[in-house]
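Just below is one structure, and these are the notes that go with it.
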Amino acid sequence: MFSGIIEEFATVVAIKHDRENIDFTLTCSFTSELSIDQSVAHNGVCLTVVKIEGNEYVVTAMKETLDRTNLGLLKVGDKVNVERSMVMNGRLDGHIVQGHVDQTAKCVKMEDANGSTYFTFEYPENREMARRGYFTVDKGSVTVNGVSLTVCNPTANSFQVAIIPYTMEHTNFQDIRVGTVVNLEFDILGKYIARLNELK
């Protein structure tokens, strides 16, 4: 379980294909604090640490994860938002994030907002998925590349988020441009409410 508050970004230093899986080797400032079998969110995707060597660690993404997320687009040198799992007696500064990415979206617009930046993201419209809780609501929460954000101006297949300078500086939002593919995790609370309505 995560909160969507990014600790920092890790840098991809190696990529190795193993049949339909990909092993990603990364480095970050807290590598020495990690342990084998630990869960770490990478661009919002919960992955297990499988190897640690010096200041580098390895995680494996399987085919389903690669099909559903932007991890298969990563290149050596790319920055990845990372967050270790929540400590249960800590503060929930973002919102409840599972690390189970639902789908990808594409940045279609960026606008200056006198210091902050509005990003508009668009994803394929799917009414069946929306009925199951895969949608955004105004002032609700959404996770973009692992970052917990507040939704503005949602439509059936798009939404905006406002990124303050601190978030821009400390996450890979600094690398997002029009056309960039990002990972989305919709709010789990909305999914449970949608499921309850289905069972009535």
Side-chain angles (χ1 to χ4, degrees), residues 1-88 94-107 121-124 126 128-129 132-134 142-149 170-177 179-188 191 195:
M1 195 70 69
F2 305 92
S3 67
I5 303 301
I6 302 304
E7 294 187 62
E8 61 180 87
F9 41 72
T11 302
V12 179
V13 296
I15 297 173
K16 179 184 175 185
H17 292 260
D18 179 12
R19 289 161 289 181
E20 293 191 324
N21 297 339
I22 296 181
D23 293 331
F24 295 97
T25 302
L26 304 103
T27 184
C28 71
S29 70
F30 56 74
T31 300
S32 62
E33 301 172 33
L34 297 175
S35 58
I36 302 297
D37 285 343
Q38 186 170 351
S39 294
V40 179
H42 294 75
N43 278 355
V45 183
C46 179
L47 297 173
T48 301
V49 176
V50 298
K51 186 178 181 181
I52 302 170
E53 283 189 353
N55 67 342
E56 298 176 355
Y57 69 95
V58 179
V59 293
T60 301
M62 60 190 290
K63 183 179 185 302
E64 182 181 354
T65 302
L66 297 168
D67 288 345
R68 194 180 283 251
T69 71
N70 66 3
L71 295 186
L73 302 175
L74 290 176
K75 305 179 298 297
V76 170
D78 281 352
K79 295 187 283 288
V80 178
N81 294 332
V82 288
E83 179 193 357
R84 288 172 284 185
S85 55
M86 284 174 50
V87 178
M88 290 309 292
H95 72 284
I96 297 171
V97 176
Q98 294 184 293
H100 302 158
V101 169
D102 295 310
Q103 65 185 84
T104 58
K106 185 178 287 188
C107 178
F121 295 102
E122 192 173 277
Y123 52 92
N126 185 322
E128 177 55 34
M129 293 295 280
R132 293 168 51 197
Y134 296 78
V142 68
T143 309
V144 178
N145 270 3
V147 183
S148 172
L149 296 166
H170 291 89
T171 72
N172 63 13
F173 262 86
Q174 64 190 247
D175 297 327
I176 294 176
R177 302 290 181 268
T180 298
V181 175
V182 298
N183 293 330
L184 294 186
E185 181 182 330
F186 297 104
D187 192 352
I188 186 63
K191 295 173 195 171
R195 179 65 175 146

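Worth saying up front: this structure is predicted, and the values here are computed from it rather than measured.
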Q: Under the side chain to side chain contact (heavy atoms under 4.5 Å, CB included) rule, what do V59 and V40 come out as? Steps first, then yes or no, please.
A: CA-CA 9 Å; V59 293; V40 179; 5.7 Å; no
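- For the pair V45/N183, a side-chain contact is recorded, criterion being any heavy-atom separation below 4.5 Å from C-beta on.
- Using modelled atom types, no side-chain atom of N81 and backbone atom of T171 make a donor-acceptor pair closer than 3.5 Å.
- Between the side chain of H17 and the main chain of I15, no donor-acceptor pair closer than 3.5 Å is present.
- Side chain of S148 to backbone of I5: no donor-acceptor contact under 3.5 angstrom is found.
- Under the 30°/60° scheme for interplanar angles, the aromatic rings of F121 and F173 are found to stand perpendicular.
- Residues A10 and Y57 share a closest heavy-atom pair of CB-OH, 3.9 Å.
- Proximity of a side-chain donor or acceptor of Q103 to a complementary backbone N or O of L184 within less than 3.5 Å is not detected.
- The nearest pair of heavy atoms linking F2 to A41 is CE2-N, 3.6 Å.
- Of the possible donor and acceptor atoms, none in the side chain of E7 sits under 3.5 Å from a partner among the backbone N and O of V82.
- Of the charged side-chain nitrogens involved, none lies within less than 4.0 Å of a carboxylate oxygen, so that D23 and K51 do not count as a salt-bridged pair.
- Using a 4.5 Å cut-off on side-chain heavy atoms (C-beta onward), V182 and I176 make contact.
- No more than 12 heavy-atom neighbours from other residues, nucleotides or ligands sit within 6.0 angstrom of CD on E20.
- Atoms OG1 and CG, from T143 and N43 in turn, are 12.0 Å apart once rounded to the nearest 0.5 Å.
- Contact of the N21 side chain with the R19 side chain is not registered, since no non-hydrogen atoms from C-beta on lie closer than 4.5 Å.
- Atom CD1 of I22 sits about 4.5 Å away from atom CG of L66, to the nearest 0.5 Å.
- Nearest heavy-atom pair, F9 versus H170, reported as atom, atom and distance to 0.1 Å: CD2-O, 3.8 Å.
- Within the 3.5 Å criterion, the main-chain N or O of Q98 finds a donor-acceptor partner in the side chain of E185.
- Between the side chains of N145 and N70, a donor-acceptor pair is found at a separation under 3.5 Å.
- Residue-environment remark: CD (E64) stays at or below the threshold of 12 foreign heavy atoms within 6.0 Å.
- Atom OG of residue S39 and atom CE of residue M1 lie 11.0 Å apart, to the nearest 0.5 angstrom.
- Of the possible polar contacts, none joining the R132 side chain to the K191 backbone as a donor-acceptor pair under 3.5 Å is found.
- Side-chain atoms of M86 and V97, non-hydrogen and from C-beta on, never get closer than 4.5 Å to each other.
- Around the CD atom of E53, the shell of radius 6.0 Å holds no more than 12 heavy atoms that belong to other residues, nucleotides or ligands.
- The line from CE of M62 to CZ of R68 is 11.0 Å long, rounded to the nearest 0.5 Å.
- Environment of CG in D37: sparse, with no more than 12 heavy atoms of neighbouring residues, nucleotides or ligands closer than 6.0 Å.
- Remark: side-chain polar atoms of T31 are not paired, donor with acceptor, to backbone N or O of T27 under 3.5 angstrom.
- Separation of atoms CG (D102) and CZ (F186) is listed at 6.0 Å; rounding is to 0.5 Å.
- In this structure the side chain of L74 never reaches within 4.5 angstrom of the side chain of H42, judged on heavy atoms.
- T180 is not listed as a side-chain neighbour of D175, based on a closest heavy-atom distance of 4.5 Å or more.
- Using a 4.5 Å heavy-atom threshold, the side chains of V101 and L71 count as separate.
- Here E83 contributes atom CD and C46 contributes atom SG; the two are 10.0 Å apart, rounded to the nearest 0.5 Å.
- A 4.5 Å side-chain heavy-atom check between K75 and V12 finds every atom pair outside the cut-off.
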